[in-house]
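From a predicted model like this one, the values you see are computed outputs, not experimental measurements. Residue numbers begin at 1 in each chain, while the letters A, B, ... track the order of the sequences.
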Amino acid sequence: MKLTIEQSDIFTETEINIKCNMIDSNLQKIIDELQIMMFSITAYKDGAIYKISLDDIYYFESVDDKTFIYCQVDVYECKYKLYELENKISNYKFTRISKSAIINIDKISYIKPQLAGRLDITMDNGEHQTVNRHYVNTLRMKFEGEV
Amino acid sequence: MIGIIRTISHSFTILTIIMLILGKLQIALPLNNTLIFQLFIICVGVALLQFITVAIFKSIFKIDSPIVLTILQFIDMSAVVFVLGGLLFKMFDFSLYSLVIIMPMLIVIFFFVFFVEFLSLSYKAKKINNIIKKRNSKK
């Protein structure tokens, strides 16, 4: 694989072109990573509008009919419903873990079994989330690349 | 749905083995086709009632404590065993002797199913943690 970077003042917008014979698993990984970096979600906080990259999001949570975006420290509001987000981002590193939460599996530090068939997730920022028993297999398959 | 089927298969297997042992020891009736079918109906009833109870307590009463839900599931199991097994299928009468025999059985079955499911969950958690470890070592 050859990597060519052209840097010049004549370019006003960054553009990435991939020329290939076929998309193999390594190239697919690169494309996935690029798509995650390029895909952003409009978020709201204290009257201001932000563009949040998927890569910076730890999890989405629905509370009282509102959807919130949780990053490492900050929390933003999002206009999408959880099911809409699930449809948009389930191809990326996100998976639903309960009726009210969708999590970024890249931000999971470790997992512990709990009572009643649940899993306790410790995130990279130390926060905890609970995986409902109905979503345990989906989470496992997501990690194993089956979903 | 998969969770319900898994619970039914675990509890039915364990219950059948225990009944087989008790039958051999002449403490319970020896297993036959009717008894096996009745045990299966009891296991299905327990799993369905547990599913409904958990759903109601979570959505209506907003109770989500794993300990409370586990206790409720045990109560569900006892209720189904006594109503279906005792009243409907006449597997035992409601004497003190029956209670003394059945209650420890219920506790053993409940915790055995609980233990098997916890082991399965621990295995899944371990597999995921290994993937996370590998992923982190690559970073």
With a sphere of 6.0 Å drawn around [atom1] of [X], does it hold more than 12 non-hydrogen atoms of other residues, nucleotides or ligands?
| X | atom1 | answer |
| --- | --- | --- |
| B/Phe40 | CZ | no |
| A/Tyr80 | OH | no |
| B/Asn32 | CG | yes |
| A/Glu6 | CD | no |
| A/Tyr50 | OH | yes |
| B/Leu25 | CG | yes |
| B/Phe114 | CZ | yes |

Original post:
B/Asn129 side chain to A/Tyr110 main-chain N or O, any donor-acceptor pair under 3.5 Å?
Top reply: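 Such a contact is absent between B/Asn129 side chain and A/Tyr110 backbone.
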Subject >> side-chain contact (heavy atoms from CB on, under 4.5 Å) evaluation trace for B/Lys127 with A/Phe143 >> reply: CA-CA 9 Å; B/Lys127 269 180 98 174; A/Phe143 268 101; over 6 Å; no
Original post:
Only one of A/Asn137, A/Leu139, A/Leu119 forms a side chain to side chain contact (heavy atoms under 4.5 Å, CB included) with B/Lys124, so which one is it?
Top reply: A/Asn137
Original post:
So what's closer than 4.5 Å to chain A heavy atoms on B/Tyr123: side chain, backbone, both or neither?
Top reply: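 Answer is neither: B/Tyr123 stays 4.5 Å or more from chain A.
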**OP:** Against chain A, label B/Ile131 side chain, backbone, both or neither, depending on which of its atoms sit under 4.5 Å from a heavy atom there.
**Re:** side chain
Subject >> Exercise: identify the closest heavy-atom pair between B/Phe51 and A/His134 >> reply: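 Looking at all heavy atoms of both residues, the closest pair is CE1-CE1, 4.0 Å.
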Subject >> Reported CD1-to-CZ distance for the pair A/Ile105 and B/Arg135, which is rounded to 0.5 angstrom >> reply: 6.5 Å
Subject >> Atom group of A/Ser109 that falls short of 4.5 Å from chain B, counting heavy atoms >> reply: backbone
Subject >> Contact class of A/Asn132 relative to chain B, heavy atoms under 4.5 angstrom >> reply: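 When you check distances to chain B, only side chain atoms of A/Asn132 fall under 4.5 Å.
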Original post:
So do the side chains of A/Arg133 and B/Val54 get within less than 4.5 Å of each other, counting heavy atoms only?
Top reply: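 Heavy-atom side-chain distance check fails, nothing below 4.5 Å.
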